[in-house]
Amino acid sequence: MYQVLYRKYRPKVFSDVYGQEHITSTLQNEIKNGRVSHAYLFTGSRGTGKTTCAKILAKAVNCENNVNGEPCNECEVCKGLDNGSIYDVVEIDAASNNGVDNIRDLREEANYTPSRGKYRVYIIDEVHMLSTGAFNALLKTLEEPPAHVIFILATTEVHKLPATILSRCQRFDFKRIQPETMAKRLKEVAEFENMELDDDAAILISRIADGALRDGLSILDQCAGRSKNITSTLVSEVAGLAGREAMFELSGCIASKDSDKAMELIADLYQKSFDMERLCVEMINHFRNFLVVKTVKKSRELIICTDDEYNNILSSAKGFTIEQVLFALDLFQNTLAVIKSGASARIEVEMAFIKLCEPKLDESQAALLERISVLERAVKNPSFAPAPTQPAPELKAEPTAKAGPEPEPVIKDTFDAQSLPFEEPEQEAPQEPEAFEPPVAEPEPASEEPAPQEPEVKQNVVAEQSDFMQWSEFLDVIHRDDIPLFGILSGSRAQVRGDYFLIDTKNEAVKSFIRNSIHARAIKKALLEVTGKQYKLGLLKNTNSEQREQRDPLEDLISQAQGNINIDVK
């Protein structure tokens with residue numbers, strides 16, 4: 001008779017248990033040092049090795065020749081426990097034996113000494129299913145059992161156990177098995193079974209299994225029934241998943257607000273018998289990946305996928321703001337909850353996509369806030385579109401002339417000792433202006449400027465001086481387009497003075513960072529998208545307290561009289 005893979009390859013020693021080294025090493029040391037407890041509690045999600053470790057522990061404490069806490073699997077006791085001829089290890093299913101009478105029978109039976117081994121071991125699976133009376137009947141025996149009895153309790157819902165039970169056991173929490181670890185085990189089993197398992201297929205199975213190795217082996221077993229050459233496409237078909245291409249196509253429809261194409265894709269997936277509930281789960285995972293790449297610097301470590309797929313995720317995520325991603329996640333989560341309550345899966349999924357593609361149909365608070373955000377950007381920048389499809393030439397264009405004269409020497413005098421416009425050459429670093437695109441002409445000497453125009457231009461500069469109030473929106477766009485620059489600018493602020501966008505920061509790295517033409521263009525692009533205007537870049541110089549104390553107060557009064565305000569920039 002054929003034996004399924006998860007039973008055939010169930011570990012028989014602690015060293016074969018994957019992903020639970022923090023538990024297996026502790027149990028081995030306890031057995032090796034003779035410090036075996038009378039009661040253990042194994043808790044964790046399904047398929048993580050609770051029952052497997054309980055069986056190995058039961059063999060190890062009774063093994064006649066255990067080495068370093070491992071059962072030998074060769075002695076008479078080990079073989080007898082494996083084939084069921086020795087009855088010193090008793091497995092009880094608490095889901096079907098949850099009454100007081102069952103526990104009373106267990107207490108009476110525990111008084112008898114083991115028939116062959118050193119200990120009688122009781123493994124009570126799904127112990128949280130015991131009734132209140134059964135727990136009370138177990139308490140005294142669990143606290144002070146006979147010297148030859150060991151209890152091992154296993155549960156997936158530890159919060160349902162009374163505190164009186166928890167306090168009488170050594171607790172071990174089993175973690176979900178990491179996808180990389182599970183993929184390694186799947187490849188190992190596939191090699192034993194003469195299967196060809198692709199790396200992408202192993203990763204996909206690991207992601208579907210969600211930390212449960214037993215589920216992963218079951219999926220592998222099911223795929224092997226179709227073909228010995230297992231690919232990611234085959235895994236998607238067997239598991240009823242929509243392919244990754246479908247996920248990117250559907251998210252692209254949401255970004256472009258193309259509800260017609262989205263409905264066609266859903267209909268095609270439905271005709272191919274893809275599970276609509278699973279499609280909803282996959283879309284949640286898909287937008288979760290978008291959220292990770294938009295909020296985490298080292299996002300590659302948190303997303304289990306191939307390099308090509310990761311690059312596709314980065315590219316697709318640029319079509320969404322963080323608010324849009326969060327709104328989509330909320331909507332799909334609510335849709336999944338409604339589906340589980342018994343509603344039509346296809347209709348609920350279609351409604352979710354229509355709401356995402358046609359925001360005006362959704363009257364929820366989150367949808368209204370998103371629509372207001374889009375309107376605010378459209379008012380500030382009429383050329384703004386929700387999908388970032390701005391042509392490149394627009395971003396490079398910069399006005400070289402304005403309506404009405406605005407002499408450069410006046411601006412230079414205004415920013416003297418306060419700011420460092422990057423478009424102007426510096427004596428200590430004359431080569432730096434070359435890093436900016438496009439270059440700006442050098443100002444003429446102040447003495448050549450007509451005197452009557454000077455006060456008027458200064459008044460305009462003062463009138464335009466203000467804090468940049470759209471800094472958070474600006475940073476959102478920078479995070480979307482240039483994550484390293486976002487990290488450098490975090491904690492900074494900015495001011496707008498005339499045509500200049502002046503960054504106020506204590507981070508010395510900002511200067512060298514934005515002198516790079518790539519980062520400079522990213523800043524100008526973000527400003528154009530947020531404000532609809534184009535600015536020259538500058539860095540606000542922070543004067544220290546010593547310079548302010550040494551300066552003659554009369555200089556401040558003279559400067560203020562000439563129209564220069566905010567001399568001390570903090």
Side-chain angles (χ1 to χ4, degrees), residues 1-18 20 23-42 47-97 102-127 138 141-142 145-155 169-170 172 174 185 189 192 213-214 217:
M1 182 178 178
Y2 178 73
Q3 191 174 26
V4 294
L5 294 180
Y6 79 83
R7 291 186 59 195
K8 184 177 180 179
Y9 292 97
R10 169 171 275 174
K12 295 185 177 181
V13 291
F14 288 121
S15 58
D16 288 343
V17 178
Y18 277 71
Q20 310 295 348
I23 293 175
T24 56
S25 60
T26 303
L27 294 176
Q28 283 182 259
N29 287 331
E30 287 190 357
I31 296 170
K32 183 170 57 177
N33 298 327
R35 298 175 58 87
V36 180
S37 177
H38 67 278
Y40 293 89
L41 173 63
F42 292 169
T48 53
K50 300 184 297 296
T51 305
T52 297
C53 285
K55 290 182 176 181
I56 297 174
L57 176 60
K59 274 198 304 182
V61 296
N62 286 306
C63 179
E64 298 174 343
N65 305 310
N66 71 71
V67 180
N68 294 326
E70 294 274 27
C72 68
N73 291 315
E74 297 294 336
C75 67
E76 182 181 348
V77 175
C78 288
K79 291 181 178 180
L81 292 175
D82 284 336
N83 59 33
S85 60
I86 296 179
Y87 300 100
D88 290 338
V89 176
V90 181
E91 293 187 50
I92 300 173
D93 178 21
S96 55
N97 299 280
N102 300 115
I103 300 301
R104 286 175 179 168
D105 293 341
L106 184 151
R107 289 170 51 187
E108 293 177 3
E109 185 181 323
N111 292 323
Y112 296 102
T113 58
S115 60
R116 183 63 179 82
K118 185 178 179 181
Y119 293 97
R120 288 184 67 87
V121 182
Y122 289 91
I123 301 174
I124 307 178
D125 204 5
E126 300 300 332
V127 68
L138 182 62
T141 303
L142 190 65
H148 57 268
V149 173
I150 295 175
F151 286 98
I152 304 177
L153 314 181
T155 179
C169 302
Q170 277 194 15
F172 291 89
F174 285 70
R185 177 59 174 170
V189 171
F192 291 150
L213 184 54
R214 182 175 61 236
L217 289 172

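Note that this is a predicted model, so its numbers are computed, not measured.
- Between atom CG of residue L57 and atom CD of residue Q28 there is a gap of 11.0 Å, rounded to the nearest 0.5 Å.
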For residues 6-16, please give each side-chain donor-acceptor pair under 3.5 Å, one per line with the distance, not counting sequence neighbours.
unit_1 : atom_1 : unit_2 : atom_2 : d
K8     : NZ     : E193   : OE2    : 2.9
Y9     : OH     : E193   : OE2    : 2.4
R10    : NE     : T52    : OG1    : 3.3

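- Between N102 and L106, the closest side-chain pair of non-hydrogen atoms is not below 4.5 Å.
- Residue L153 holds its CG atom at 12.0 Å from CD of Q170, rounded to the nearest 0.5 Å.
- Applying the side chain to side chain contact (heavy atoms under 4.5 Å, CB included) rule to T141 yields the partners R107, F151; only residues at least two apart in sequence or on another chain are considered.
- For the atom pair OG1 (T113) and CZ (R120), the distance works out to 8.0 Å, reported to the nearest 0.5 Å.
- Expressed to the nearest 0.5 Å, how far CD1 of I124 lies from CG of L41 amounts to 11.0 Å.
- Checked by atom type and distance alone, the side chain of D125 never pairs as donor or acceptor with a backbone atom of D93 at under 3.5 Å.
- When all heavy atoms of F174 and G49 are compared, the pair lying nearest together is CE2-O, 3.5 Å.
- When all heavy atoms of A58 and V89 are compared, the closest pair comes out as CB-CG2, 3.7 Å.
- Taking CD1 from I56 and OG1 from T51, the interatomic distance works out to 11.0 Å, rounded to the nearest 0.5 Å.
- In this structure, H38 contributes its side chain and L142 its backbone to a donor-acceptor pair below 3.5 Å.
- The side-chain heavy atoms of V90 and E109, taken from C-beta on, include a pair separated by under 4.5 Å.
- For Y18 against R185, the heavy-atom pair with the smallest separation is CE1-CD, 3.5 Å.
- Between K59 and D82 a salt bridge is recorded (basic side-chain N to carboxylate O distance below 4.0 Å).
- Counting heavy atoms from C-beta on, the side chains of Y40 and E30 come closer than 4.5 Å.
- To the nearest 0.5 Å, atoms OG (S37) and CD1 (I152) are separated by 10.0 Å.
- Proximity of a side-chain donor or acceptor of D88 to a complementary backbone N or O of G117 within less than 3.5 Å is detected.
- Minimum heavy-atom separation, A110 to V149: O-CG2, 3.4 Å.
- In this structure, P145 and Y122 have side chains that are not in contact, with every pair of non-hydrogen atoms separated by 4.5 Å or more.
- Nearest heavy atom pair, residue A60 against residue I31, reads CB-CD1, 3.5 Å.
- Annotation: side chain of E74 is in contact with side chain of K79 (closest heavy-atom distance under 4.5 Å).
- Here the closest non-hydrogen pair linking V77 and N62 is CG1-O, 3.6 Å.
- Using a 4.5 Å cut-off on side-chain heavy atoms (C-beta onward), I92 and V127 make no contact.
- Electrostatic pairing of R116 and E64 counts as a salt bridge here, judged by a charged N lying under 4.0 Å from a carboxylate O.
- Contact of the N111 side chain with the P146 side chain is registered, since non-hydrogen atoms from C-beta on lie closer than 4.5 Å.
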